[in-house]
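The next block holds one structure in the form of structure tokens; read it before the comments.
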Amino acid sequence: MSKLIQPRTLKGFRDHPPASMILRERLIDTAREVYRSFGFAPIDTPALEYTEVLLGKGGDETDKQMYRFSDHGGRDVALRFDLTIPFARFAAQHVPALGTPFKRYHVGSVWRGENTQRGRYREFVQCDFDTIGTESPLADVETLLVIHELFQRLEVGPFTIRVNDRKILTGLLQRLDLVDQSVPLLRALDKLDKIGPDKVAAEMQAEAGVSAAAADEVLALARLEGSNQAILEALPALVEGSELGAQGVERLRAVLEGAVAGGAQPSRLKLDVAIARGLDYYTGIVFETTLDDLPAIGSCCSGGRYDDLASLYTKERLPGVGASLGVDRLLAALEELGRLEQRSTPAEVLLVRFGEEHDGELLGLAARLRSAGLAVEVYPEARKLGAQLKFADRRGHRLAVVVGDAEWASGTAQLKDLASKESLEVDQAELAAACRARLGSV
RNA sequence: GUGGGCGUAGCUCAGUCGGUUAGAGCGCCGGUUUGUGGCACCGGAGGUCGGGGGUUCGAGACCCCUCGCCCACCCCA
């Protein structure tokens with residue numbers, strides 16, 4: 001006898017049983033509905049790309065984290081580590097035919113060879129949406145509205161979209177003549193509410209080589225407090241003399257006001273000047289969305305504006321703005337918060353089976369329920385009724401339909417509500433409507 | 001990639017200074033109840049103690065390596 005292969009999965013790669021997958025699909029379905037309702041159109045791209053297409057735009061870190069290898073033809077290839085870079089390539093190839101502005105959404109797995117942690121995996125699903133070919137603030141506003149609507153619809157509890165504009169940071173650095181050190185400075189600033197201002201200042205001096213006084217000036221941002229409005233009023237002084245900085249402040253003001261006018265709850269939008277974001281391609285507005293009850297797990301939906309994303313692939317300028325929903329991280333957060341109702345079957349209704357005599361009629365009944373829009377499973381064996389009801393309950397079916405000799409004779413069915421234990425006798429002709437009423441009332 | 005913590009039944013975990021056939025609760029299967037589930041009672045299945053090597057008369061326990069999970073750094077969804 002040959003030795004068994006140990007069933008196992010790679011670190012950071014996970015299986016998804018039904019109870020998990022049903023939730024994932026529901027979340028993704030909601031994202032699709034919201035994106036589509038704003039006019040974003042679906043696209044897909046290959047998981048595998050030429051390495052040269054993926055390299056270079058995200059910075060050294062992402063390059064290191066890429067799954068990269070030679071294919072059978074000796075080509076240097078890699079698995080995508082996000083959906084934005086492949087979209088830039090896609091846009092360079094197809095936008096001439098598609099026209100701009102172009103709005104797309106894209107649901108797919110991405111891969112990063114980094115260490116795993118709670119809410120961090122090596123394979124995870126993102127739901128991206130982006131608008132390219134326009135610099136209109138309306139596109140920025142819409143991006144915020146989509147996130148707002150999405151998190152509202154997902155019923156994740158209280159959340160906060162933290163918003164900033166990179167131009168403000170750049171403007172400040174211009175005024176202080178520190179533009180050359182912007183990458184390490186912003187990286188340090190981004191850690192503000194994690195490690196505190198003292199450590200940020202220390203890191204700025206160590207990593208960016210700036211003076212204590214300069215670090216303190218950058219941290220003047222962090223001392224801004226109060227309402228979005230109050231911060232907006234204080235910002236111009238900090239970026240004085242920088243055209244870019246002034247633009248950033250005005251843009252941010254317009255976008256925040258626009259989002260509120262567009263229906264976003266003001267309390268959900270928080271101007272946070274410490275948000276910088278690591279991916280080097282952001283040039284304008286940036287944002288991160290966290291759950292108020294579990295901010296530590298990190299951002300579940302982030303993005304921003306980039307004004308030259310496709311420049312590696314085309315001479316045509318393609319500015320854009322978009323964001324990415326991290327499905328796996330959001331689910332990890334919701335699970336930890338115990339906010340998920342798990343169910344292991346998509347079928348609301350289970351039809352009990354007593355024996356083979358009435359199989360034809362039983363299947364016919366199931367077919368009628370399905371054509372009425374219900375998801376129906378027929379139990380395949382003739383086990384004891386109690387066992388079948390127990391099965392239905394454990395599996396998560398909400399209704400059981402019991403039809404035995406007596407019911408077949410009278411053309412009726414017994415409809416059981418598994419949760420309330422109530423049971424009622426209905427005409428088979430009325431069964432679908434009765435199921436609907438029952439399910440709708442829950 | 002760096003540093004720390006942890007891996008015992010499907011799940012949550014006991015397991016004393018190293019000592020004989022490795023335990024509990026929950027879950028699962030069966031029965032009490034061959035057309036009425038969640039409760040109760042009775043019974044049952046299920047463990048290479050993550051894996052490999054070493055120390056020892058003897059290892060779940062001690063040492064080394066390895067794999068995995070968790071936490072921090074880094075970075076990010």
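Here is how names work: the chains are called A, B, and so on, in the same order as the sequence lines, proteins then strands, and each is numbered from 1.
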Please state the [atom1] separation for the pair [N] and [M] - nearest whole angstrom.
N: B:rC62; M: B:rU16; atom1: C1'; value: 16 Å
N: B:rG31; M: B:rU12; atom1: P; value: 30 Å
N: B:rG68; M: B:rG51; atom1: P; value: 15 Å
N: B:rU66; M: B:rA72; atom1: C1'; value: 23 Å
N: B:rC28; M: B:rG38; atom1: C1'; value: 15 Å
N: B:rU20; M: B:rA59; atom1: P; value: 11 Å
N: B:rG18; M: B:rU56; atom1: C1'; value: 9 Å
N: B:rA24; M: B:rG15; atom1: P; value: 15 Å

Please give, in whole Å, the distance from [N] [atom2] to [X] [atom1]?
X: A:E203; N: B:rC73; atom1: CD; atom2: P; result: 11 Å
X: A:L385; N: B:rU34; atom1: CG; atom2: P; result: 12 Å
X: A:L10; N: B:rU66; atom1: CG; atom2: C1'; result: 16 Å
X: A:H358; N: B:rG35; atom1: NE2; atom2: C1'; result: 13 Å
X: A:D15; N: B:rG10; atom1: CG; atom2: C1'; result: 15 Å
X: A:K384; N: B:rG38; atom1: NZ; atom2: P; result: 11 Å
X: A:L350; N: B:rG35; atom1: CG; atom2: P; result: 16 Å
X: A:Y121; N: B:rC75; atom1: OH; atom2: C1'; result: 16 Å

Would you indicate whether the side-chain heavy atoms of [Y] and [X] approach each other to under 4.5 Å?
X: A:Q93; Y: A:Y313; answer: no
X: A:T45; Y: A:F87; answer: no
X: A:L374; Y: A:L439; answer: yes
X: A:R122; Y: A:N115; answer: yes
X: A:L55; Y: A:R68; answer: yes

Does one side chain, of [X] or [Y], offer a donor that lies under 3.5 Å from an acceptor on the other?
X: A:Y306; Y: A:D130; answer: yes
X: A:D128; Y: A:T84; answer: yes
X: A:T412; Y: A:E425; answer: yes

Regarding B:rC76, can its base be found pairing with the side chain of A:R329 as donor and acceptor, where the two atoms are less than 3.5 Å apart? yes

Can you say whether a donor on the side chain of A:Q388 sits under 3.5 Å from an acceptor on the base of B:rG35, or the other way round? no

Residues forming a side-chain hydrogen bond (donor to acceptor under 3.5 Å, both in side chains) with A:Q388, sequence neighbours excluded: none

For a quick test of reading the model: is some side-chain N or O of [X] closer than 4.0 Å to OP1 or OP2 of [N]?
X: A:K191; N: B:rC75; result: yes
X: A:R118; N: B:rC71; result: yes
X: A:R394; N: B:rG37; result: no

Students often get this wrong, so: under 4.0 angstrom with heavy atoms, is [X] touching a base, only sugar-phosphate, or nothing?
X: A:L325; answer: nothing
X: A:G386; answer: sugar-phosphate
X: A:A419; answer: base
X: A:R395; answer: nothing
X: A:V402; answer: base
X: A:A400; answer: nothing
X: A:G355; answer: nothing
X: A:E407; answer: base

B:rG37 pyrimidine/purine six-ring stacking with A:F391, under 5.5 Å and 30°: no

Could you tell me whether A:R187 and A:E207 make a salt bridge, using a distance below 4.0 angstrom between a side-chain N and a carboxylate O? no

State whether A:R251 and A:D165 are salt-bridged, where the test is any N-O pair (Lys NZ or Arg NE/NH1/NH2 against Asp/Glu carboxylate O) under 4.0 Å. no

[X] side-chain proximity, nearest of [options]:
X: A:K11; options: B:rC73, B:rG35, B:rG68; result: B:rG68
X: A:Q65; options: B:rU34, B:rC75, B:rC29; result: B:rC75
X: A:T116; options: B:rG35, B:rC76, B:rC69; result: B:rC69
X: A:R112; options: B:rG38, B:rC76, B:rG30; result: B:rC76
X: A:K416; options: B:rG35, B:rC75, B:rG37; result: B:rG37
X: A:Q117; options: B:rC76, B:rG35, B:rC71; result: B:rC71

Would you mind telling me which residue lines up with the more 5' stretch of RNA chain B, A:R122 or A:S420, judged by nearest nucleotide? A:S420

A:C301 vs A:K390, nearer the 5' end of RNA chain B by closest nucleotide: A:K390

I'd like to check the salt bridge (charged side-chain N to carboxylate O under 4.0 Å, His left out) partners of A:K191; sequence neighbours left out, ordered by chain and number. A:E203

Go through RNA chain B and write down every stem, that is, every run of at least three consecutive Watson-Crick or G-U wobble pairs with distances under 3.5 Å, as range with range. B:1-7 with B:67-73, B:10-13 with B:23-26, B:28-32 with B:40-44, B:50-54 with B:62-66

Please work out which of the three classes, parallel, tilted or perpendicular, describes the rings of A:F102 and A:F90, given edges at 30° and 60°. parallel

For the residue pair A:F391 and A:Y379, categorise the inter-ring angle as parallel (less than 30°), tilted (30 to 60°) or perpendicular (more than 60°). perpendicular

Which pairs pass salt bridge (charged side-chain N to carboxylate O under 4.0 Å, His left out) with one or both residues in residues 283-294 of chain A, sequence neighbours excluded? A:R162-A:E288, A:R277-A:E288, A:D293-A:R339

Cation over ring, A:R268 on A:F151, under 6.0 Å and within 45°? no

Specify the residues of residues 24-34 of chain A, ordered by number, for which at least one heavy atom lies under 4.0 angstrom from an atom of RNA chain B. none

How does each nucleotide of nucleotides 1-7 of chain B score, in 5' to 3' order, for protein heavy atoms under 4.0 Å: base (B), sugar-phosphate only (S), or none (-)? BB-----

